[in-house]
**Student:** 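The following block contains the structure, expressed as structure tokens.
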Amino acid sequence: MARTLCATCKTARALIIRPKNHQKLCKACFIAVFEAEIHHTITTTSLFSPGDRIAIGASGGKDSTVLASVLKTLNERYNYGLNLILLSIDEGIKGYRDDSLETVKRNAVQYDMPLKIVGYDELYGWTMDQVVEVIGKKGNCTYCGVFRRQALDRGAKMLGIKHVVTGHNADDVAETILMNLLRGDLPRLARSTSIVTGDSTSDVRRSKPLKYAYEKEIVLYAHHKKLDYFTTECLYSPEAFRGSARSLIKNLERVRPSAILDVVRSGEDMAKLVPEEVTGISQCKSQKVSLSSADGEEEGSGGCGNTNGRDSGGEMADMEKKLQLDEEASSREVDVTSLASTADGQNHDRIASKSVGRKRDTSRKLVKQTLGTCKRCGYMSSQDICKACTLLEGLNKNRPKMEIVIDVEDEESSTLRRRMEGVTLAAG
Amino acid sequence: MTETHPKPEMASENTIPILVEFTGGLEMLFSDERKHRLSVPSKDDEGNPVNIGWLVKHLCDKVMKDSRKEMFVLDDHVRPGILVLVNDADWELEGEASYALQPNDNILFVSTLHGG
Ligand SMILES: [Zn+2]
Ligand SMILES: [Zn+2]
């Protein structure tokens with residue numbers, strides 16, 4: 001087969017086909033355009049200011065490794081003036097993080113960045129191994145997931161850093177948009193499209209500079225730049241809801257590669273149609289910034305959780321049984337009449353509402369996800385006491401089998417549970 | 001009756017040495033080995049030059065010990081989300097499954113489906 005020449009430089013051999021536009025590029029031109037597009041995302045959203053201290057949520061996986069590498073490159077090339085720090089979370093499971101933390105330690109040397117590893121024991125007073133000792137191997141995925149969701153924010157706060165970037169890519173965002181669409185959860189759909197969560201009043205902002213970067217290109221960038229990253233064992237599962245959304249995305253991509261960015265753009269457009277009082281997103285800002293609810297927003301990968309939302313099978317059914325009503329109980333509903341026309345009373349959370357089984361109005365209610373702060377720890381929460389604090393209270397009372405309130409997203413950590421089951425078995 | 005057909009893989013001029021690599025987590029399906037040096041027949045059963053489609057089936061049937069075949073192949077295709085690079089080039093540039101293997105080719109399978 002004749003060698004194809006690069007569409008940009010027209011001299012080197014094309015090695016890459018860009019999913020978004022089928023452009024055929026050589027290695028050098030691909031790396032250049034990949035970096036240029038992330039620079040474009042950063043500048044058009046005014047993501048950073050000179051002098052910012054930025055913590056990169058680093059798991060040692062491909063997304064956060066590429067993020068660290070690209071941010072270092074761009075920071076030097078365009079004089080962003082950023083102070084970049086790698087921030088890793090150690091759940092405190094013997095053996096589980098050894099390889100990924102070794103990778104992050106090498107990255108710290110390769111990218112000449114300070115590395116801070118924060119343990120669950122520092123953040124919560126409990127390692128996951130200790131949690132398992134108390135509650136047993138069943139249900140600890142809930143704890144780990146809830147703790148993980150706040151861990152980067154808490155770790156950053158400990159370091160006095162106000163901005164955490166994560167490696168969430170376009171596939172992750174598209175997947176989350178689809179999941180929220182399928183759940184009929186417009187408020188969360190709207191928030192999941194924002195590049196930044198939190199604003200200047202928040203303790204810690206979160207952003208995803210790789211939001212428009214295809215996972216495929218992230219992997220190719222890591223490959224062609226020979227980046228040092230770590231992969232966990234096979235994690236995905238067709239049964240889990242997120243796994244299904246992921247498969248759908250990947251199948252769509254095969255038929256029509258632009259589909260991933262199209263879903264992201266559609267999500268952004270839908271977000272604009274969701275009333276501000278429902279999303280908490282201020283539309284008047286030129287840069288779309290949403291308040292975050294730290295409990296229950298987390299989309300798949302990017303952060304320190306290298307379970308990446310591709311969890312083991314059958315967990316979803318378990319989770320469904322355990323799901324309890326949450327926001328609805330906090331009586332913070334607002335009736336959104338503008339959206340009430342077509343609906344049939346389905347709650348914003350399909351699963352939670354199913355478990356209630358109470359009679360509902362025929363008009364649609366969107367639960368206003370009031371984004372306040374936890375009265376105990378001060379972190380963002382849609383409830384008075386955040387889930388982490390609720391779980392900690394139970395743990396500290398050594399009364400672990402208490403009823404707990406969890407979100408669908410808690411499924412993401414079930415893989416870790418599987419790993420931990422292995423650890424537990426090995427230990428005794 | 002004894003079979004008298006010659007076994008093509010016995011003759012070295014009828015085999016092709018290739019290097020197959022698995023990364024991004026796929027190596028876990030292949031005995032945790034990243035690199036597999038293989039010698040494959042130059043022709044398939046019908047006498048056609050072996051291509052990547054043949055190789056994928058061969059890897060699935062003969063090389064992969066893990067029972068989770070669907071992690072690698074779905075509906076007779078490489079699972080969506082797994083990238084295939086032929087000597088560093090996207091296999092879409094090389095005719096995908098129909099690419100005929102050449103001596104010393106490097107065929108890389110990278111999963112994008114694993115932890116980020
Ligand atoms: Zn070029
Ligand atoms: Zn709290």
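Just so it is clear, the model here is predicted, and its values are computed rather than measured. We name chains A, B, ... by the order of the sequence lines, and we start the count at 1 in each one.
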**Student:** Run L85(B) and L220(A) through side chain to side chain contact (heavy atoms under 4.5 Å, CB included) and show every step you take.
**Tutor:** CA-CA 10 Å; L85(B) 302 189; L220(A) 288 174; 4.0 Å; yes

**Student:** L108(B) versus chain A, heavy atoms under 4.5 Å apart: side chain, backbone, both or neither?
**Tutor:** side chain

**Student:** What's the separation between atom CG in L74(B) and atom CG in N251(A), rounded to the nearest 0.5 Å?
**Tutor:** 7.5 Å

**Student:** Could you grab the distance from atom CG of L93(B) to atom CD1 of I17(A), nearest 0.5 Å is fine?
**Tutor:** 4.0 Å

**Student:** Is the shortest side-chain heavy-atom distance between R246(A) and P80(B) below 4.5 Å?
**Tutor:** no

**Student:** Under the side chain to side chain contact (heavy atoms under 4.5 Å, CB included) rule, what do D90(B) and K216(A) come out as? Steps first, then yes or no, please.
**Tutor:** CA-CA 11 Å; D90(B) 193 317; K216(A) 175 178 177 180; 2.9 Å; yes

**Student:** More than 12 non-hydrogen atoms from neighbouring residues, nucleotides or ligands closer than 6.0 Å to NZ on K57(B), yes or no?
**Tutor:** no

**Student:** Output, in order, the C-alpha distance, side-chain angles, deciding distance and verdict of side chain to side chain contact (heavy atoms under 4.5 Å, CB included) for H223(A) and L83(B).
**Tutor:** CA-CA 11 Å; H223(A) 171 75; L83(B) 310 182; over 6 Å; no

**Student:** Please check if the number of heavy atoms outside D76(B) that lie under 6.0 Å from its CG is greater than 12.
**Tutor:** no

**Student:** Would you compute the distance between atom CD1 of I16(A) and atom CD of E92(B) and round it to the nearest 0.5 angstrom?
**Tutor:** 12.0 Å

**Student:** Within the structure provided, determine whether K250(A) and T112(B) are in side-chain contact (heavy-atom separation under 4.5 Å).
**Tutor:** yes

